[in-house]
Peer 1: 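Attaching a single structure in structure tokens format; questions to follow.
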Amino acid sequence: MFRTLVNELGISANMLSRIEGNKPIEIELKNNEKIFISLEGDSIQTIIDIPLDNPHVLTHKSKKLIEFLMIDEDIIMNIKKDKLIIGSEWYFDYINIEKQLADKLKLFNKIGNYIRL
């Protein structure tokens with residue numbers, strides 16, 4: 001997991017210095033977004049919390065949000081009063097785990113960037 005975050009996504013290694021084994025990880029991003037990654041057996045759960053200054057922006061961006069959700073059938077979305085929560089849980093194969101995790105996090109990043117526009 002560490003290697004994927006550093007090599008594939010360019011996250012600074014010193015930001016991840018507290019990663020211990022397969023314990024859940026929380027990464028705070030700019031704009032107060034948070035990504036949570038948890039490894040449980042042979043499944044990975046990933047969640048991104050995207051704060052919403054104006055929840056009504058989702059109404060105007062709903063068509064594109066649905067398109068993002070259709071890219072990956074494992075993604076779910078929840079809307080709270082002041083944040084958008086996007087999550088995914090999938091069973092991984094050890095050969096492709098880095099690519100799978102990188103693909104999920106890149107999609108989360110695209111969604112976050114779109115919401116902030």
Side-chain angles (χ1 to χ4, degrees):
M1 203 177 325
F2 180 87
R3 188 172 38 186
T4 299
L5 295 170
V6 173
N7 295 342
E8 297 288 328
L9 300 174
I11 295 173
S12 174
N14 61 354
M15 286 181 62
L16 304 174
S17 62
R18 290 173 274 160
I19 293 179
E20 296 179 24
N22 290 331
K23 292 185 179 179
I25 300 168
E26 177 184 336
I27 303 167
E28 189 165 338
L29 306 173
K30 59 184 175 183
N31 299 321
N32 295 322
E33 294 175 358
K34 293 181 183 175
I35 292 179
F36 303 93
I37 304 169
S38 179
L39 183 64
E40 294 289 329
D42 58 352
S43 70
I44 294 179
Q45 299 88 33
T46 53
I47 298 170
I48 184 168
D49 284 357
I50 303 170
L52 298 172
D53 294 328
N54 180 0
H56 298 291
V57 74
L58 295 177
T59 304
H60 302 290
K61 298 187 176 200
S62 61
K63 181 179 177 188
K64 184 71 173 176
L65 276 174
I66 296 299
E67 289 176 16
F68 281 125
L69 293 174
M70 291 173 63
I71 290 172
D72 187 333
E73 65 184 25
D74 295 324
I75 290 183
I76 58 170
M77 180 175 68
N78 188 3
I79 301 168
K80 298 283 186 177
K81 178 180 173 185
D82 59 347
K83 65 182 169 180
L84 175 66
I85 302 167
I86 299 170
S88 181
E89 179 176 11
W90 74 97
Y91 294 97
F92 62 87
D93 73 52
Y94 289 94
I95 295 171
N96 296 315
I97 186 172
E98 289 182 14
K99 182 179 180 336
Q100 291 172 329
L101 180 58
D103 289 348
K104 296 284 184 190
L105 295 177
K106 286 176 185 176
L107 180 58
F108 284 5
N109 191 45
K110 284 180 186 178
I111 295 170
N113 287 337
Y114 180 71
I115 295 299
R116 285 190 301 277
L117 289 177

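Basis for what follows: all heavy atoms, side chains included, without hydrogens, waters or symmetry-related copies. Counting from 1, the numbers follow the sequence of the chain as shown.
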Peer 1: In the single-linkage hydrophobic clustering (I, L, V, M, F, W, Y; side-chain heavy atoms under 4.5 Å), do Leu58 and Leu107 co-cluster?
Peer 2: yes
Peer 1: Distance from Lys34 atom NZ to Asn32 atom CG, nearest 0.5 Å?
Peer 2: 7.5 Å
Peer 1: What's the separation between atom CD in Glu26 and atom CD1 in Ile35, rounded to the nearest 0.5 Å?
Peer 2: 10.5 Å
Peer 1: Which is it for Ile25 and Leu39 under the side chain to side chain contact (heavy atoms under 4.5 Å, CB included) test, yes or no, and what are the steps along the way?
Peer 2: CA-CA 9 Å; Ile25 300 168; Leu39 183 64; over 6 Å; no
Peer 1: Between side-chain atoms of residues 64-73 and protein atoms elsewhere (two or more places apart, or another chain), which donor-acceptor pairs fall under 3.5 Å?
Peer 2:
from  : atom 1 : to     : atom 2 : distance (Å)
Asp72 : OD1    : Asp74  : N      : 2.9
Asp72 : OD1    : Lys104 : NZ     : 3.0
Asp72 : OD2    : Lys104 : NZ     : 2.4

Peer 1: Using a 6.0 Å cut-off, check whether atom NZ of Lys61 has over 12 heavy atoms from anything other than its own residue.
Peer 2: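 Yes, because the 6.0 Å sphere around NZ of Lys61 holds more than 12 heavy atoms from other groups.
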Peer 1: Side-chain contact, heavy-atom cut-off 4.5 Å: Trp90 with Ile75?
Peer 2: no
Peer 1: Among residues two or more places apart or on two chains, list those pairs meeting salt bridge (Lys or Arg N to Asp or Glu O under 4.0 Å) that have a residue in residues 108-117.
Peer 2: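 Applying salt bridge (Lys or Arg N to Asp or Glu O under 4.0 Å) to every pair that reaches into residues 108-117, excluding sequence neighbours, yields Glu33-Arg116.
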Peer 1: Would a single hydrophobic cluster contain both Leu105 and Met77, if residues Ile, Leu, Val, Met, Phe, Trp and Tyr are joined by side-chain heavy-atom contacts under 4.5 Å?
Peer 2: yes
Peer 1: Show me the side-chain donor-acceptor pairs of residues 42-54 shorter than 3.5 Å, one per line, residues at least two apart or across chains.
Peer 2:
from  : atom 1 : to    : atom 2 : distance (Å)
Ser43 : OG     : Glu40 : O      : 3.1
Ser43 : OG     : Gln45 : NE2    : 3.2
Ser43 : OG     : Glu89 : OE2    : 3.3
Gln45 : OE1    : Ser38 : OG     : 3.4
Gln45 : NE2    : Glu89 : OE2    : 3.0
Asn54 : OD1    : His56 : N      : 3.0

